[in-house]
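All values derive from a computational prediction rather than experimental measurement. Numbers here are sequence positions counted from 1. In listed order, ligands and their atoms are each counted from 1.
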Amino acid sequence: MENSDSLSIRSMEEQTNLRHGQIEKVLKLLSVESPAPVIKDGSRWVRTPVPYKMDHARITHLTGQRVQEWQEVKKYLDNTNCKMTFLRRALDDLDPTPCGKCSSCLGQPVINISVDPTLAHRAGTFLKHAEMVITPKAQVAANAFLDYGFRGNLPQKLRAQEGRVLSRWGDAGWGKMVANNKHAGRFSDELVEAIAEMIQQRWQPNPAPQWVCCVPSRYHSELVPGFAQRLADRLGLPFVDAVSKIKDNQPQKGQQNRFHQCRNLDGVFAVTQPYEGQAVLLVDDIVDSGWTLTVIAALLQQAGSGLVYPIALASSSVKDS
Ligand SMILES: [Zn+2]
């Protein structure tokens, strides 16, 4: 820390486990206070002598207003009398007459909500083939991998290949089944089939993977390996339990920015037995920031494996805003 009163956003990410976008928002809010407790100096932020006090009264007031608006909307939805009358009263019209056009006045829905079952089936099939690309990470956070020694841009030969994720967590394609299965403790054979079909019929990575391994977990030690083993059987490839967890860490999904996502993985995994020079499928259940797959892919290739193709059942990532 060069000067504790002046920090770049990147060094704030190290100091606080907050998303990059959140840090930017907070700084923006603070800098328009008058007088402001922080000011921008080039690319760095500097504290001023102004102490900052949170305006709790204003926060309470605004929150109360939002709750009230939300309750109004609920009342509108529950209201069985004329919808337009409800709206006009809300806008201080003291003597509204029923409109004769809304669903309450007509006694039936205004819009036809029946769905053509053929269309619904086609939509379902579309969603079940709506896998997404996992884009491998390249640039690691500075000062995060003190143990593994990864710095700056990962060399090409340690980077993962483009991967695939079958669904979004909880979506109407496979995502719902992934979520339910995860809570029940076993991923179904239907998901094995869905991933195998995706790999063999649509993705077709080239050169083709020759073996399968997976991301280990200490708490659900059978869930992902069991799935990866069945997927390997289905693909006719050997499954090797090649990655082990050698250090406890915090749940990766609680890490809010790149520094913490990287730091939380430093020294956590060790690779034991890769097939020399052979391309491999690296299986995980849920992919969030993608750093876990990135780090294990680098370790596998460092230990002599061939190309690494990451693959996951569902994505839970929320884009930073
Ligand atoms: Zn009406």
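Taking 4.0 Å as the cut-off between side-chain N and carboxylate O, E197 and R202 count as a salt-bridged pair. At a threshold of 4.0 Å, the pair E13-R10 does not count as salt-bridged, since none of the basic side-chain nitrogens sits closer than that to a carboxylate oxygen.
Within a radius of less than 2.8 Å around the Zn ion (ligand 1), the protein N, O or S atoms are C82 SG, C99 SG, C102 SG, C105 SG.
Relative to the six-membered ring of Y76, K83 meets both conditions, a distance below 6.0 Å and an angle of at most 45° to the axis.
Residues E14 and N143 bring a donor and an acceptor atom of their side chains to less than 3.5 Å of each other.
Between W291 and F145, the angle of the ring planes lies from 30° to 60°, which puts this pair in the tilted group.
For the side-chain contact (heavy atoms from CB on, under 4.5 Å) with W174, the qualifying choice from R168, E131, K128, M198 is K128, the only one to do so.
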